[in-house]
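Some notes on the structure that comes next.
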Amino acid sequence: MGKIALIHGNIIPMDERKRFSAILAVDGKVAAIGNDEEIMEAAKEAEAQIIDLKGATVLPGFHDCHAHLSLTGFDAQGINMYDAKDIAEVIERLKEAYATWPADRWLFGQRLDEGLLSEKRPPTMEELDIFDRPVFISDRGGHYVLVNRAAFDALGMDENMRGVRKDENGNLTGRLQDEANKKARNGFPWTREQTIEAMTWTAEEAIKKGITTIHAQEGFTADDPAVPLLLEHMEDFPVDLVIYWCMMPEADDPMAKEIGILGGDILLDGSIGSRTAAFFEPYCDGEGCGYLNFTEEQVDSFVESGIVRDLAMSFHVIGEKGIWTALNAYEKVMEKHPEKKETAKLRLEHFGWPSMEDIERAAKLGVRISTQPPFTYLRGGPESVYRSRLGEKREKAGYPLRLMLDAGLCVGGGSDSDITPLDALLGIHAAVNQPYPENSVTPYEAVRMYTSEGARCGWEDDYKGKLVEGMQADMVILEADPMTVNPQTIKDIKVLGTIRKGKLVYDNGLS
């Protein structure tokens, strides 16, 4: 590991609002922080590389507390359907790929948002059957895929599997959710080599955004190779990884023990876009209240198995009922095992529509929240899918960041990439500029979500998240200070460089 000094800058260690002009890193850790003269002298003595920041701002390296490395890398290779205005445009984009891609390559589309299509529904299997090769389209939230008959058969799908959707006449619609969604995604013909390439590509993109730690949400089925591949190649990645295995393995599984985490993006409920997030009241534009994917007994048993082994726990919960169910399990297990009060590591992913009672329950339990401010920034507001699905009152109550922080919750920020872009500055911007001001936080609080609180969210705050002596020297160098610029321009701040463990790993105009 090298030695590097930054001088003539605006160094913000995220430690009690202090600011300095210079910092020195030696052997991967912060060795000193102070004024230019002090650090220049120390740098010369250490024979460190010196970079003149010319007034640039330095923050601790960003944390993305919830991202999907493989999904993001795979989606980069697919046909972007997000801005398609209607089904005809979806079909046209597939036709363009059909004409140019090799004949043995599946037509793979990604980021489809049915709420943005004029028909307010996705294409059906019948509409996709005009293609004589497999068609596989992932929705924006990753909660369902669309396939034509060729893909359905190639994936070996069972028409009676849970999540295989049919119309009122019993015909396949091509929509695969729940268990069928997992089987389909696991059966897509990516090789192990393509999987590691996809995850590496994502990590390299993260470095360009100043992200030095990613909480990687991977492995939704037992056959998914992502988690063992990550463990095998951990030292090869340009970012630090905290791995969350997104299924329910046996608590004594050797891989769970190695990770130290038993939970993650385990889909206790679903998403708003697919009307599968679980609420107590029905959706406004469709039948049902969403649903839970596991029974109360399954959740309680799984949580207990992790807590007694001092493994970190987490679940994907977006709707109010999903949050309520997870917190019930945490409460019951902690009451049963009070001796684990000091060691239990409880966390929840998303935490989209909590009641005030559940915010307070989470705070009392010490649950750490991994949430995504860009969700409501990009998808909320009066004309949004969230509004049409939930109605005005519920839509406005989504992702109440202000209430979470005021209750004393540890809140870490993330992207859920590729659901929203892998971009911490966008996340900070979104947290400050929520569609409804009562849900917004201050720029300083937003930066904490992606630095010091991000580290806390992964139980790494004893050595990460702040620029103080002895801490890991992860830094992002920015053209402007996100805490003093016009809040409407935070997302436009340029990343000039990224330092990981004291080494400059991304240079975008520093030298």
Could you tell me if [Y] and [X] have a donor-acceptor pair between their side chains, going purely by distance under 3.5 Å?
X	Y	answer
D240	Q472	yes
R192	Q194	no
Y244	R347	yes
S138	Q110	no
T498	K208	no
S70	E218	yes
H63	R456	no
S417	T72	yes
N186	T221	yes

Can you classify the ring geometry of [X] versus [Y] as parallel (below 30°), tilted (30 to 60°) or perpendicular (above 60°)?
X	Y	result
W106	F188	perpendicular
F131	Y98	tilted
F279	W353	perpendicular
Y399	F375	perpendicular

Between [X] and [Y], is there a side-chain N and carboxylate O pair less than 4.0 Å apart?
X	Y	value
D252	R309	yes
K209	E204	no
R387	E395	yes
D75	R140	no
R379	D113	yes
K466	D461	no
R93	D83	yes

For the residue pair [X] and [Y], what are the closest heavy atoms and their distance?
X	Y	answer
D129	A150	OD1-N, 4.5 Å
L311	I261	CD2-N, 4.3 Å
P400	N439	CA-OD1, 3.6 Å

### Query
Is the F74 to W201 ring centre distance short of 6.0 Å?
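For F74 and W201, the ring centres are not under 6.0 Å apart.
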
### Query
So, for F220 and H68, is the gap between ring centers shorter than 6.0 Å?
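Ring-ring flag for F220/H68: true, centres closer than 6.0 Å.
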
### Task
Quick one: do D153 and R149 satisfy salt bridge (Lys or Arg N to Asp or Glu O under 4.0 Å)? Show the steps, please.
CA-CA 6 Å; D153 292 341; R149 188 74 210 198; 3.2 Å; yes

### Test log, rule side-chain contact (heavy atoms from CB on, under 4.5 Å), inputs T276 and D269
CA-CA 6 Å; T276 53; D269 70 345; over 6 Å; no

Keeping the roles fixed (side chain from [X], backbone from [Y]), state whether a donor-acceptor pair exists under 3.5 Å.
X	Y	answer
N433	H429	yes
T212	R500	no
E453	C410	no
R368	L346	no
D507	G509	yes
R389	S384	no
Q434	P373	yes

### Query
Within 45° of the axis and under 6.0 Å from the centre of the six-membered ring of Y82, does NZ or CZ of R111 qualify?
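Judged by the rule, R111 and Y82 form a cation-pi pair.
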
### Query
Does the side-chain hydrogen bond (donor to acceptor under 3.5 Å, both in side chains) test come out yes or no for Y450 and D64, once each step is laid out?
CA-CA 7 Å; Y450 288 83; D64 189 310; over 6 Å; no

### Task
Please say which of K120, R175, R121 ends up in a side chain to side chain donor-acceptor pair (under 3.5 Å) with E114.
R175

Any heavy-atom pair between the side chains of [Y] and [X] that's under 4.5 Å?
X	Y	value
E349	H66	yes
I12	V58	no
V227	M255	yes

### Message
A quick test of your reading: do over 12 heavy atoms of other residues, nucleotides or ligands sit less than 6.0 Å from CD of E126?
### Response
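No - once you tally the heavy atoms of other residues, nucleotides and ligands closer than 6.0 Å, there are 12 at most.
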
